[in-house]
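Contents: one structure, followed by commentary.
None of these values were measured; they are calculated from a predicted model.
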Amino acid sequence: MAEVTVTRRMHFNAAHRVHNPALSDAENERLFGKCNNPNWHGHNYMLDVSVAGPIEERTGYVMDLGALKAIVQREVIDHVDHRNMNLEVGFMRDIIPTAENIVVACWRVLEPRVAPARLARLVLWETPNNYVEYDGR
Ligand code: NI
């Protein structure tokens with residue numbers, strides 16, 4: 001049976017500071033530059049959530065994208081939108097909020113919740129020019 005990947009794009013705005021508390025302030029500044037600004041900075045993030053599976057005969061869908069949107073909204077967006085990712089987001093606690101770490105954290109939240117579809121890929125856009133992708137490996 002044909003397996004198809006379907007994608008829902010979601011948006012959120014969030015503040016962060018890229019900072020490793022195990023390192024000195026000077027080392028953080030050297031490694032992360034402007035992203036280490038102690039007074040935070042923000043991004044308009046875009047998260048592309050792709051799930052894969054067979055086409056269900058009754059509906060012609062892999063997964064209702066409205067249902068996928070509701071899951072991502074409830075499990076991720078409601079927790080991060082207009083929040084500070086260093087301070088306010090439970091699933092980012094003690095994680096340096098780089099795009100790489102954010103996308104893996106989002107995977108861990110979403111992966112168990114999209115069944116019977118399978119989470120296939122997450123793409124997190126931090127700027128129009130920078131994105132990271134993760135497929136669970
Ligand atoms: Ni940043």
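Evaluation of the side-chain hydrogen bond (donor to acceptor under 3.5 Å, both in side chains) rule for Glu88 yields no partner, not counting sequence neighbours.
By the criterion of side-chain heavy atoms lying less than 4.5 angstrom apart, applied directly or through intervening Ile, Leu, Val, Met, Phe, Trp or Tyr residues, Phe12 is grouped together with Leu65 in one hydrophobic cluster. Hydrophobic clustering of Ile, Leu, Val, Met, Phe, Trp and Tyr side chains at less than 4.5 Å, counting indirect connections, unites Tyr134 with Phe91. One hydrophobic cluster, built from ILVMFWY side chains closer than 4.5 Å, holds both Ile77 and Val49. Linking Ile, Leu, Val, Met, Phe, Trp and Tyr residues whenever their side-chain heavy atoms come within less than 4.5 Å leaves Tyr131 and Leu110 in two separate clusters. In the hydrophobic cluster analysis, where Ile, Leu, Val, Met, Phe, Trp and Tyr join through side-chain heavy atoms closer than 4.5 angstrom, Trp125 is grouped apart from Met10.
Rounded to the nearest 0.5 angstrom, Gln73 CD and Ile71 CD1 are separated by 12.0 Å. The CZ atom of Arg93 sits 12.0 Å away from the CG atom of Asn86 when rounded to the nearest 0.5 Å. Between Ser50 atom OG and Arg9 atom CZ the span is 10.0 Å, to the nearest 0.5 Å. Arg108 contributes atom CZ, which lies 12.5 Å from atom CG of Leu119 (distance to the nearest 0.5 angstrom).
Asp135 and Arg121 are not joined by a salt bridge, as no carboxylate oxygen comes within less than 4.0 angstrom of a charged side-chain nitrogen.
When all heavy atoms of Asn44 and Asn13 are compared, the pair lying nearest together is OD1-OD1, 2.5 Å. For the residue pair Ala99 and Val132, the shortest heavy atom distance occurs at O-CG2, 3.5 Å. Heavy-atom minimum distance, Ala105 versus Ile95: CB-CD1, 4.5 Å. Taking both residues in full, the closest heavy atoms of Glu75 and His79 are given as O-CD2, 3.1 Å, listed atom of the first, atom of the second, then distance. Of all non-hydrogen atoms in Val76 and Cys106, the two that sit nearest each other are CG1-SG, 3.9 Å. What you find for Met63 and Ala117 is that their closest heavy atoms are SD-CB, 4.0 Å.
In this structure the side chain of Thr127 reaches within 4.5 angstrom of the side chain of His43, judged on heavy atoms. Put simply, the side chain of Thr5 does not reach to within 4.5 Å of the side chain of Val51, judged on heavy atoms. A 4.5 Å side-chain heavy-atom check between Met92 and Ile102 finds at least one atom pair inside the cut-off. By the 4.5 Å heavy-atom criterion applied to side chains, Met85 and Asn101 are not counted as neighbours. Side chains of Arg17 and Asn37 form no contact here, defined as non-hydrogen atoms less than 4.5 Å apart.
Using a 30° and 60° split on the angle between ring planes, Tyr45 and His16 fall in the perpendicular class, above 60°.
Between the side chain of His82 and the main chain of Ala15, no donor-acceptor pair closer than 3.5 Å is present. A donor-acceptor pair under 3.5 Å is absent between the side-chain atoms of Asn28 and the main chain of His19, judged by distance alone.
Phe32 belongs to a hydrophobic cluster whose other members, connected by ILVMFWY side-chain contacts under 4.5 Å either directly or through intermediates, are Val18, Leu23, Leu31, Ile96. Cluster partners of Tyr61 are absent, since no Ile, Leu, Val, Met, Phe, Trp or Tyr has side-chain heavy atoms less than 4.5 Å from it.
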